[in-house]
Amino acid sequence: MFIRHSRLLRRFSQLPSLSHVITTPKPSSRTTIWSPQCLAIHNPIHLPSFPTNTPDRNFSPAVDIQPEDAEDCHSPDTNPQYVSQEAKEKDDSDMCALYARLNTPDYSRLATPLSPQQVRDTVLYARDAGQPFVLDNLARNILDSPQPGRVELATIILSIPRLRLNPSLTPSLVSCIVPHHLSSLSLNLSSYIARNLIHHPSPSTMETFFTPLAEHIAHLLKPVWKERQVNGRYIPTWLLFRFVMHLSKLHLREPAIRLLQSLIEAGYIPPEAIQRTDQSSRDFHLIITLTLVRSCIFWKWNHRAVDILKNYLSGTPSADPIISRLCQDVLYALMEFPTVNDLNLGVSFVKDMATIPEPMFISPDIVRQIYSKAHSLDQPHTAASIYDFARSKSIRPLHNFPPPSGGALTWLLRYLSCQRATLRLARRLVAQVVDLCEPIPLADRAEFIAIAAESGFARHARSLWEQYSSGRGGHLVAGNAAMVLRMCSLFANLRRRNATHKSMDLGIAEGTTATPIGHSHDSKDYDEEEKDLEDFANLILTRYRKVKEPLWQASREDLNALARANIILGHITEGLRVLRVVIDRNEYPDLHDINVLLSAIAKVDYRKALSMVRRMVRRGPEPDSISFGTVIHQAARHCDSAAISSLLQIARKTGCQLTTKTMVTVIRASVAFSGADKVAVRHNLIRALEIIFANEHSNHLATLNMGKFGVEEALNADDPTLAFWFWRGLLKSNVNWNDELHAALRGRIAGSIRQHHERGDIRAEDAQKMTYSLGANTRVLGGEKTVIGG
């Protein structure tokens, strides 16, 4: 009807197509580029020649270069910059032919021996391209190559990181090196080979190689600490930590102890890590885990400490108090000076600790610290994630996680209440604060109560107001203008709703299509509840006025709020008297004051308020969205479609964007005024759906009540497809699936879809998709009955 006059603000616009854009990768000496015609190796990649030396004890391993984190780099001996163009083209052509020959599922034996550079370049590309046939054929050719070059080629392929070799070929490749040719390997190459063996899917087949490899690395480590740094390179300490952990996990105690002892002598495991370890435990793997984790904490390798603990817990889920204390230490270390990555890792680790088969104790202080650090880093979604996890049904019986404390409490509630998807979490947070009597910081109390009231949590908002509006700091709560307005508005609305329900139950409202749900109340119960709501709202107003007296000294904002609160509660004369104080002080009323006056006039005579809006357009100040919303709301209550249409036209001409709260009133009024005209109802519902989806994050438009309203009206207009879209957009993910009323509503939608399909109005494919989404247990085709399951 008149909904077409409203301005539609779309949140998403169509993105331009990027199909015409050609992206050119940035040339890099560390990558290989593959084309359909050939394998183009623009910059040859050489095996790094890391020295076996390490810095002395004064150097911290925290700055050591970790091969698994670093990119593949050039050998310092070679600079590809000086390779001629002709030589590069020839190498490219040779590599294309080699790669094509190897990329086959059958064994392809090469006629000529492979060079180390060919092996490395081919392996790197095959790894990045995910070509297992190339790796398998390359490995078989290496095994068939002559003995003098086989060791070098096997060393190259086994030292490249993140390589998924064929498990059946890996032992054969390792046997080319271990144990007879280990002496030719440097410390770094030995460590890289150990890293690849750790990831082998069948550790038992590799155990025979682990012992000599560990002894060789331990032997190379002994003189390291006595020598100085060479070429800026350090030993791969983290790889050796992982290797020790792996040996311990496989119960290879002797090589693990030898390697651990060498790391202690080299200074990479600090004395603090050993002294704090509980030596009384008989669990060797646990002792190794404790030592390595405490070493990581000492060197500030907090992420790696978490990796070691996760590895231990995945194989040995234990509720040992020693491990529990160690996990707490790691979490405290993560939260000491966290980055965003540290925060996310800490949250992930807490979830892992709480969900293992034998859940571990998690200190409430840790959880509060996570909330506090999320607040400091401005990561509300992370805080919401852990709060949602903490309040889930599977976690609450096992862990009693506390809510946030301090400034993080109101900060999180503010975030949760502004998101439609997290409004349920906001309700749980407020309820938890009330039920547990959690302290709210003095400066945040009024805002916390105001957010609870604005979100509609009346019972909890009232409890908090009664708790904090008196006593120490009570004037900060009782005298907060924003909080008073939201509380008065909430309880005034509850009082009106109570009167409506009373009329429905007593049969006063004739001709209504709505049916009250639940048990009816008698008139006395309604009267007592209405009086209680009225008395409490007046108490809030009285306390506020008392704090602000004498009024002639009150600020203009405080007087404006007092006048608005009086008008909201129906004390129009008193509200106008408060505004008179502003005029008596020779202050010219601004738009806020005029809107208060406009709301008072609209409550008495909305037509006079409409005339006042027109006068404001002509003479100023120009009305804003609050001005229009105030009069539209009163016109809708009196079912005056002409007045609403006039106001929408004025708003469009002045370029005023209506608030989402006003649009709710417009949507409901437009549907109600359509009467029995089903075409007009469907048209208005479609426009309403467009507005709702364009403002999907609004707490006023995309609500459960609006979803139920849309479904009911669409079904009344005999349009089940439109009812389905309202249900899917506003109800599906926000209502308990097993709720009886929700199941009944889904059944009505599915039944209407079946009827329309039988009449040929809905295609079979569309009907099947919609009923499946609604949870129908039987097909809707062929006249079968629609059944909705829980």
Side-chain angles (χ1 to χ4, degrees), residues 198-199 201-204 241-253 256 260 273-274 276-297 301-336 338 342-371 373-374 382-404 428 432 436:
I198 288 173
H199 296 293
S202 301
S204 58
F241 277 23
R242 292 172 58 194
F243 192 27
V244 172
M245 187 73 180
H246 193 69
L247 293 172
S248 171
K249 191 174 183 179
L250 295 178
H251 307 290
L252 299 176
R253 183 165 181 162
L260 184 69
I274 305 171
R276 295 186 61 189
T277 301
D278 186 359
Q279 304 292 341
S280 62
S281 175
R282 296 184 178 181
D283 187 343
F284 177 73
H285 188 43
L286 175 59
I287 294 175
I288 293 293
T289 302
L290 294 172
T291 303
L292 295 180
V293 169
R294 296 201 183 282
S295 299
C296 289
I297 294 176
W301 295 350
N302 298 324
H303 286 232
R304 290 166 177 174
V306 174
D307 288 341
I308 294 176
L309 278 174
K310 284 185 175 182
N311 180 276
Y312 177 84
L313 294 174
S314 65
T316 314
S318 170
D320 192 309
I322 299 176
I323 284 293
S324 179
R325 288 195 300 270
L326 188 64
C327 290
Q328 311 296 323
D329 291 344
V330 171
L331 284 171
Y332 276 118
L334 273 173
M335 293 300 115
E336 186 177 7
D342 293 336
L343 179 67
N344 292 331
L345 181 63
V347 170
S348 173
F349 191 42
V350 166
K351 293 179 180 180
D352 290 340
M353 292 170 61
T355 54
I356 59 176
E358 296 184 21
M360 303 174 64
F361 170 75
I362 300 171
S363 170
D365 291 338
I366 283 288
V367 180
R368 291 188 188 275
Q369 195 166 352
I370 289 176
Y371 286 126
K373 297 303 181 181
T382 302
S385 169
I386 192 170
Y387 186 76
D388 188 17
F389 174 79
R391 303 306 296 169
S392 61
K393 292 181 179 179
S394 59
I395 296 300
R396 273 186 295 173
L398 303 174
H399 299 276
N400 187 22
F401 289 135
R428 291 179 183 177
Q432 187 179 17
L436 300 180

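Worth knowing before you read on, the calculation uses all heavy atoms, side chains too, and leaves out hydrogens, waters and symmetry mates. Residue numbers run from 1 in the order of the sequence given.
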Distance in Å, [X] [atom1] paired with [Y] [atom2], rounded so as to fall on 0.5 Å steps:
X      : Y      : atom1 : atom2 : result
Ile274 : Leu290 : CD1   : CG    : 12.5 Å
Ile370 : Ser385 : CD1   : OG    : 10.5 Å
Thr382 : Lys373 : OG1   : NZ    : 14.5 Å
Gln369 : Glu336 : CD    : CD    : 8.5 Å
Lys249 : Thr289 : NZ    : OG1   : 9.5 Å
Leu292 : Tyr312 : CG    : OH    : 12.5 Å

Decide yes or no for [X] and [Y]: does some side-chain heavy atom of the first lie under 4.5 Å from some side-chain heavy atom of the second?
X      : Y      : answer
Asp342 : Asn302 : no
Trp301 : Ile308 : no
Gln328 : Met353 : yes
Gln432 : Arg428 : no
Leu313 : Ile323 : yes

Response to the item:
Taken in chain and number order and not counting sequence neighbours, the residues that satisfy salt bridge (charged side-chain N to carboxylate O under 4.0 Å, His left out) with Asp365 are none
Worksheet entry | For Lys310, all residues meeting salt bridge (charged side-chain N to carboxylate O under 4.0 Å, His left out), sequence neighbours excluded | Asp352
Using every non-hydrogen atom in the two residues, find where [X] and [Y] come nearest and quote the distance to one decimal.
X      : Y      : result
Ala374 : Leu343 : CA-CD2, 3.7 Å
His399 : Met360 : CE1-O, 3.0 Å
Phe361 : Ser324 : O-OG, 3.7 Å
Tyr332 : Ser363 : OH-OG, 3.6 Å
Gly346 : Leu331 : O-CD2, 3.8 Å
Cys327 : Phe349 : SG-CZ, 3.7 Å

Worksheet item: Using 4.0 Å as the upper bound for N to carboxylate O, is an ion pair formed by Arg294 and Asp329?
Response: yes
Worksheet item: For Asn344, does its backbone N or O pair with a side-chain atom of Ser348 as donor and acceptor, under 3.5 Å?
Response: no
Item to complete: Sequence neighbours left out, what pairs pass salt bridge (charged side-chain N to carboxylate O under 4.0 Å, His left out) with at least one residue falling in residues 390-402?
Response: none
